[in-house]
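Note that the structure is predicted; figures quoted are calculated from it, not measured.
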Amino acid sequence: MSQTFLKAEEQVIANSLKIRFYPIAVQSAKGTRITGQNGTEYLDLTAGWAVAGIGYGHPRVSSKLKEQYESLSFTSQLSAPEPTMVSLAEKLIKITPGDFPKKVWLGHSGSDANDCIAKLVPLAKNRTRMISFMGSYHGQTMGSLSLSGHPAQSQFIGSGNVVKIPYANPYRPPFGVTDRLTDQVLQYLEQEVFKTICPPEHTAGIIIEGIQSDGGLIVPPEDFLPRLQMLCRRYEISLIFDEVKVGLGRTGKWFSFDHCDVVPDAVVLGKSLGGGLPVSAVVARKEILDVGTGIHMFTTSGNPVCSAASLETLQIIEDERLIENARDNGEYFLKQLEKLQEKYEWIGDVRGKGLAIGVELVEDRFTKTPAAEKTAAICYRCFELGLLVFYVGINSNVIEITPPLTISKEEIDLAISILDQSFSDLQEQKINMDLVKQYAGW
């Protein structure tokens with residue numbers, strides 16, 4: 001059945017909508033497990049690109065959806081609001097730091113939420129330019145694409161008002177090996193970028209991922225984000241955090257910036273917010289989101305069904321202590337991966353916070369040459385052995401580990417054993433590379 005389905009899918013679904021790593025066809029999913037159409041069960045370390053933060057098919061969300069749909073399936077909150085959207089906004093404001101007046105914008109995806117930032121921040125600040133980071137991924141719509149610095153989007157010409165600067169990557173420092181990485185990046189910004197192509201008096205905002213996710217699960221030095229905030233405050237530049245992938249408990253705190261006591265001017269949310277339903281949000285200073293009326297709106301934004309799912313998802317995160325689980329089991333996962341690193345020379349770096357973890361593969365640890373083909377092979381072999389992982393990074397050589405926050409230590413042990421077997425099979429040349437090459441990934 002699965003092969004027949006995949007052939008039918010190939011005939012009707014646009015390639016522009018696909019990133020494929022192996023030939024999976026999904027029948028159902030529950031908790032941390034996905035079942036294929038052939039009956040094979042997989043432990044999922046992707047959570048569907050970090051969407052299934054509370055796991056698949058949570059019964060509380062299912063019940064809430066049925067209840068909400070039967071009560072009020074839809075109203076366009078643009079013109080005829082109801083209480084669910086307001087309750088969601090109040091909850092998001094409560095969990096987001098900052099004692100200044102805040103409001104909430106609601107949308108459907110991380111892309112349209114970052115489009116909100118691209119459009120409204122320059123308008124609110126009355127400054128034309130924005131700054132983002134090389135390797136960043138903020139979305140696929142034109143505004144969010146323009147803010148992004150990922151090679152997957154380099155063929156598109158976005159808005160010319162965005163300047164990209166190097167991210168503070170400790171494993172691959174952009175200016176060479178150093179113990180002053182934060183100094184180097186921020187000096188480059190202040191002494192070069194500000195003095196030439198992007199003067200601070202024309203710069204409205206700087207958007208950053210606290211952990212650069214699709215760029216390779218890169219964790220910056222501990223002092224980088226606080227010092228970036230100081231710089232933004234000095235020049236009255238808005239600081240925006242894209243928490244679409246790593247927010248809402250994944251790092252072991254509500255947000256990645258909570259680890260360093262940073263208070264952003266705006267926070268962008270999506271993916272896991274809806275418990276599997278499409279919803280996004282921007283929580284920001286009132287003056288940013290109130291800069292105009294009806295200038296960034298979508299008919300179904302904040303609809304009661306997605307808002308109800310989001311409210312229940314946030315409550316589940318608290319009730320089931322999933323933030324604590326992400327922190328504790330993330331530390332355990334990292335330690336087990338570091339043991340694998342001792343065993344296999346191809347593992348150049350293991351890094352992350354909570355359950356946002358990256359495993360970077362290299363041809364050798366001295367040159368750090370990215371091992372993209374080997375990374376694809378490991379992901380494919382894991383699939384064959386019953387484990388789902390994707391790879392990311394500007395060099396396509398980082399295994400991304402973003403499982404549901406409900407994952408247990410026993411499941412982590414299973415994942416480690418499958419990863420171990422996959423590396424061993426690659427070492428012994430037991431992986432069919434012809435099959436691997438059929439899937440391009442990204």
I'd like to know if [X] and [Y] make a salt bridge, using a cut-off of under 4.0 Å between side-chain N and carboxylate O.
{"X": "Glu384", "Y": "Arg381", "value": "yes"}
{"X": "Glu9", "Y": "Arg20", "value": "yes"}
{"X": "Lys409", "Y": "Asp328", "value": "no"}
{"X": "Glu70", "Y": "Lys66", "value": "yes"}
{"X": "Lys102", "Y": "Glu287", "value": "no"}

I'd like to know if the side chain of [X] reaches the main chain of [Y], judged simply by a donor and an acceptor atom lying under 3.5 Å from each other, with no hydrogens or angles considered.
{"X": "Lys253", "Y": "Gly354", "answer": "no"}
{"X": "Ser408", "Y": "Glu411", "answer": "yes"}
{"X": "Glu320", "Y": "Leu322", "answer": "no"}
{"X": "Ser144", "Y": "Gln140", "answer": "yes"}
{"X": "Lys271", "Y": "Gly53", "answer": "no"}
{"X": "Arg33", "Y": "Ser28", "answer": "no"}
{"X": "Ser280", "Y": "Ser109", "answer": "yes"}
{"X": "Arg127", "Y": "Pro200", "answer": "yes"}
{"X": "Glu360", "Y": "Val350", "answer": "no"}

Practice task
Apply salt bridge (charged side-chain N to carboxylate O under 4.0 Å, His left out) to Arg351 and Glu338, showing your working.
Solution key: CA-CA 9 Å; Arg351 54 187 178 250; Glu338 286 166 356; over 6 Å; no
Measure the shortest side-chain to side-chain distance between [X] and [Y] over non-hydrogen atoms and say whether it is less than 4.5 angstrom.
{"X": "Thr40", "Y": "Thr35", "value": "no"}
{"X": "Arg233", "Y": "Val263", "value": "yes"}
{"X": "Ser136", "Y": "Leu147", "value": "no"}
{"X": "Leu388", "Y": "Leu45", "value": "no"}
{"X": "Ile399", "Y": "Leu361", "value": "yes"}
{"X": "Pro304", "Y": "Thr75", "value": "yes"}
{"X": "Ile218", "Y": "Tyr167", "value": "yes"}
{"X": "Leu106", "Y": "Val104", "value": "yes"}

Practice task
Could you point out which residue of Ile165, Leu189, Asp265 forms a side chain to side chain contact (heavy atoms under 4.5 Å, CB included) with Ile206?
Solution key: Leu189
Practice task
Before giving the answer on side-chain hydrogen bond (donor to acceptor under 3.5 Å, both in side chains), spell out for Thr128 and Asn161 the whole-Å C-alpha distance, their side-chain angles and the decisive distance to 0.1 Å.
Solution key: CA-CA 7 Å; Thr128 55; Asn161 71 320; over 6 Å; no
Exercise for the section: Starting from the C-alpha separation in whole Å, work towards a yes-or-no answer on side-chain hydrogen bond (donor to acceptor under 3.5 Å, both in side chains) for Tyr137 and Glu209. Expected result: CA-CA 9 Å; Tyr137 186 93; Glu209 299 163 272; over 6 Å; no
Problem - Exceeds 12 heavy-atom contacts within 6.0 angstrom, atom CE of Met297 - result: no
Exercise for the section: Give the C-alpha distance, both sets of side-chain angles, the deciding distance and a yes or no for side-chain hydrogen bond (donor to acceptor under 3.5 Å, both in side chains) between Ser132 and His138. Expected result: CA-CA 10 Å; Ser132 64; His138 299 295; 5.2 Å; no
Exercise for the section: Specify whether Phe383 and Tyr22 have parallel, tilted or perpendicular ring planes, treating 30° as the upper limit for parallel and 60° as the lower limit for perpendicular. Expected result: parallel
Handout entry: Parallel, tilted or perpendicular: ring planes of His108 versus Phe298, cut at 30 and 60 degrees
Key = perpendicular
Problem - Full working for ring pair (Phe, Tyr, Trp, His ring centres under 6.0 Å) between Phe423 and Tyr344 - result: CA-CA 7 Å; Phe423 276 101; Tyr344 298 104; 5.2 Å; yes
Problem - Pair Phe241 + Phe255: ring centers closer than 6.0 Å - result: no
Exercise for the section: Would you please indicate if the ring centroids of Phe21 and Tyr380 are separated by under 6.0 Å? Expected result: no
Once rounded to the nearest 0.5 Å, what's the spacing between atom [atom1] of [X] and atom [atom2] of [Y]?
{"X": "Leu314", "Y": "Leu273", "atom1": "CG", "atom2": "CG", "answer": "6.0 Å"}
{"X": "Gln68", "Y": "Cys306", "atom1": "CD", "atom2": "SG", "answer": "10.5 Å"}
{"X": "Lys164", "Y": "Ser148", "atom1": "NZ", "atom2": "OG", "answer": "7.0 Å"}
{"X": "Asp319", "Y": "Glu312", "atom1": "CG", "atom2": "CD", "answer": "8.0 Å"}
{"X": "Glu331", "Y": "Gln336", "atom1": "CD", "atom2": "CD", "answer": "12.0 Å"}
{"X": "Glu324", "Y": "Glu318", "atom1": "CD", "atom2": "CD", "answer": "9.5 Å"}

Practice task
Start with the C-alpha gap between Tyr69 and Phe74, add the side-chain angles, then the distance that decides, and say whether ring pair (Phe, Tyr, Trp, His ring centres under 6.0 Å) holds.
Solution key: CA-CA 8 Å; Tyr69 191 86; Phe74 179 73; over 10 Å; no
Handout entry: Option from Glu243, Lys353, His259 for which side chain to side chain donor-acceptor pair (under 3.5 Å) with Thr251 holds
Key = His259
Practice task
Scan side-chain atoms only and decide if Thr141 and Asp112 contain a donor-acceptor pair under the 3.5 Å cut-off.
Solution key: no
Problem - Face-on cation placement of Lys368 at Tyr171 ring, 6.0 Å and 45° thresholds - result: yes
Exercise for the section: Determine, stepwise, if the pair Val392 / Trp49 fulfils side-chain contact (heavy atoms from CB on, under 4.5 Å). Expected result: CA-CA 11 Å; Val392 294; Trp49 293 111; 3.7 Å; yes
